[in-house]
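One structure is given here, and the rest of the page talks about it.
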Protein chains: 4
Amino acid sequence: MKSDGKMKILEAARAIIIEHGIQGATIRGIAQQAGVSTGAIYHYYDSKEAILYDVMDEGLSEIKRIATISLEDKKRFQEIIQEIFDGMQERFKKDAENRLQFYLAHEAMLGNEELKHKFKEKYQDWINRLEAIFVQAYDAKSGPLTRAVATWTMAAIDGMVLQILLHTDTVELKHINQVLEFLLSEGFSHFFKVIHEVPDK
Amino acid sequence: MKSDGKMKILEAARAIIIEHGIQGATIRGIAQQAGVSTGAIYHYYDSKEAILYDVMDEGLSEIKRIATISLEDKKRFQEIIQEIFDGMQERFKKDAENRLQFYLAHEAMLGNEELKHKFKEKYQDWINRLEAIFVQAYDAKSGPLTRAVATWTMAAIDGMVLQILLHTDTVELKHINQVLEFLLSEGFSHFFKVIHEVPDK
Amino acid sequence: MKSDGKMKILEAARAIIIEHGIQGATIRGIAQQAGVSTGAIYHYYDSKEAILYDVMDEGLSEIKRIATISLEDKKRFQEIIQEIFDGMQERFKKDAENRLQFYLAHEAMLGNEELKHKFKEKYQDWINRLEAIFVQAYDAKSGPLTRAVATWTMAAIDGMVLQILLHTDTVELKHINQVLEFLLSEGFSHFFKVIHEVPDK
Amino acid sequence: MKSDGKMKILEAARAIIIEHGIQGATIRGIAQQAGVSTGAIYHYYDSKEAILYDVMDEGLSEIKRIATISLEDKKRFQEIIQEIFDGMQERFKKDAENRLQFYLAHEAMLGNEELKHKFKEKYQDWINRLEAIFVQAYDAKSGPLTRAVATWTMAAIDGMVLQILLHTDTVELKHINQVLEFLLSEGFSHFFKVIHEVPDK
DNA sequence: GATGAATGAGGATTCATTCAT
DNA sequence: AATGAATGAATCCTCATTCAT
């Protein structure tokens, strides 16, 4: 449970980061946005880095991604596919959250080891879930290859989010979705069927 | 054709970024590494950002090279595939350039209009080339769907680069590559064959 | 009401300018003279220019003071005249502030819109006050002509300040003042008497 | 006689100063405008300051101001007045020249002793001429007071030019001119008549 | 708990001038 | 005569962090 003060600071930091990026998130700015003094920040957090870590911790926990799909009740193939598809569509639309995640990922890759570790955990988790979904949906045998497919899928989503944030506009969303639909309904099926026949190199 | 001075600076910047990260890449540091004065830097580049952009641009133009080679002479399918595969492997290794891509994308998202425009152009270009390769390799008919596939492919590569930079280590590279290989040698073939039979919605 | 910190900085800036000129007034120098760190300066002022503007503003608000005093209680003509005269003499002596006025005017002309706006307001204010004094002292009827006289008077003072700063030494101060005295005690009286009889063209 | 190279540089410097002010006039910029290399500048001039001096020398010589009025042929009072008036109107309109002169004056007052000296000479000259005109027009006796009046007049013009350059817009030009007209046709006459009766203090 | 003034090292950038070619 | 690459000290400004009140 976070204290009131911490929550105020976290929320402020989040808002600032979304608007001004990590570089633009200064202690002063966060303090101002939170309506407290700069000194007060240091009552709650030891350093700026600690704040970033907490922002990430909260931020990444919120992001359920496509992994919210319940696996408890056996659903029909078509239903699962549809849910995955809808989940991805939702993800593409969450501009603020995507920015935040992207900024944090960027900060992590700049050398912040703690953040990097946090991301690693999260990706492991996300990919685990995605793999589980694939296993169920496509009746595939869990293994390094299903995991690799999940990894590639996650990568494709991240990369697509990046292009959306950058407004690269290389092709209409309609066609992006057509390909996605094909992949989900046929591509993966084909892959998992074929791949099982191929011996591991 | 880059001047000697520019090359010296680019090489120095790349070296610094690999060793100290982007945050550690200061003008002073780059100048020192390049063995010139700080002022000299500004003889060749208008700003630090221009240098970073050039490092990225220079490094990632690999894609351009591959595209050019592949399309010059009619090669056999297997050869083209191999080149694409190798090109992607190369991309994964370009540590400094990949970091820069995310760093600069970050800047672009924060409102740097010039950068935003450059990224848009760059993605359009990359995806155009990728599409052209696909058209040749898979004997597909150029259209919004081939373009969408190229866009997804680009996205997947970017996303994979992100995971590599974050060291998410969700699965061994061997399996990542197995999936990639399947996609290139069979997946896309299958897709383009099937897709032509499906009418545009 | 200026804070202690601001006053310290303003005084330091004024001292530096008088001794080393505007070019010699660096942030480091001002900070040193004020006995604070360079960073502290930015706690009080947003930019170097803001400091310089404040030094000028503070110094030249003398005019404002005179105007206020004069109009508070009904004074005799001779007294008001004397105050205007003394006020002008004071203005001539404000070396740092006068230099700054020209320095900042220079900046304004080069396209600094904020500064341009400030100058416009300042001149409007000065001339309003001067006009009010004239109206009271010479019992003139407020209107475009009294305003025009105030404008010319302000112009003459500025121009004289310029010549003082340039040390043109075209004539002894004694005679400059004799003419000024005549203007104040007789010239303007004559003008306002005559002008009211002339119909507006 | 100035060499071709010098003339090119001077003209370039002049143009740059008018547009970007003295601070904006860099050796590089001047060289570029003149279409020569930065090094070439130093073939013709020893330093930047030397260029400024020359620009001023040319610039101030060109400015004939109201002093172009010929005193050779005895003109009628009304004619001379009209010429002075017209001369001032012309002066007000020469935006580029006024800027140049103002910028140079500013540079001089920043501590450049050579420029200051040059300005002193010029002001002495201008005021001498103005005084001579007054003596003739108003039939006054040359002396310190006529000189003081000329100095004040010059000051008023400079100050008015400043306000015009700053666009202070305190009053319509029409009324500015009405006051000026009164001064020329009646004010000065009155002054010179009265002043002769007053004994020098 | 809370404030906000103060620190000071470190950042990018500018520019008159020099000099080998 | 002419070039333009190179110099490097100096500029303004930023910001995480500290600490007396």
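Letters A, B, ... are given to chains in the order of the sequence lines, protein chains preceding strands, and every chain is numbered from 1. Only this structure's heavy atoms are used, side chains among them; waters, hydrogens and symmetry mates stay out. Keep in mind that this is a model prediction, so the values were computed, not measured.
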- Flag the pair E121(B) and K118(B) as a salt bridge only when some basic side-chain nitrogen lies within less than 4.0 angstrom of an acidic carboxylate oxygen. no
- Using heavy atoms to find the nearest nucleotide of DNA chain E for K8(C) and S37(A) separately, return the residue whose nucleotide is more 5′. S37(A)
- Classify the angle between the aromatic ring planes of F102(C) and F102(D) as parallel (below 30°), tilted (30 to 60°) or perpendicular (above 60°). tilted
- If you measure only the distance, is there a donor-acceptor pair under 3.5 Å linking the side chains of D54(B) and Y44(B)? no
- Which residues share a side chain to side chain donor-acceptor pair (under 3.5 Å) with T38(C), sequence neighbours left out: none
- Message: So, using side chain to side chain donor-acceptor pair (under 3.5 Å) as the criterion, who are the partners of K120(A) when residues are at least two apart?
- Response: D169(B)
- Message: Under 3.5 Å, is there any donor-acceptor pair linking the side chain of H43(A) to the base of dA2(E)?
- Response: yes
- Message: Taking Y53(A)'s backbone N and O only, do any of them form a donor-acceptor pair with D57(A)'s side chain (distance below 3.5 Å, no angle check)?
- Response: no
- Query: So, does K48(C) use its side chain to make a donor-acceptor pair with the main chain of A25(C) at under 3.5 Å?
  - Reply: yes
- So what does Y45(B) touch, heavy atoms closer than 4.0 Å: a base, only the sugar-phosphate, or nothing? nothing
- Note on the structure: Comparing nearest nucleotides in DNA chain F, the 5'-proximal residue of the pair V36(D), Y44(B) is V36(D)
- Can you pull the side chain to side chain donor-acceptor pair (under 3.5 Å) pairs that have at least one residue in residues 102-111 of chain A, sequence neighbours excluded? R99(A)-Y103(A)
- Message: Counting only heavy atoms and a strict 4.0 angstrom limit, can you tell me which residues of residues 99-117 of chain B come near DNA chain F?
- Response: none
- What would the secondary structure line of DNA chain F be in dot-bracket form, counting Watson-Crick and G-U wobble pairs under 3.5 Å, with [ ] for pairs that cross earlier ones and | for pairs with another strand? .||||||||||||||||||||
- Task: Could you run through nucleotides 15-21 of chain E and give me one letter per nucleotide, 5' to 3': B if any protein heavy atom sits under 4.0 Å from the base, S if only the sugar-phosphate is that close, - if neither?
- Result: BSBB---
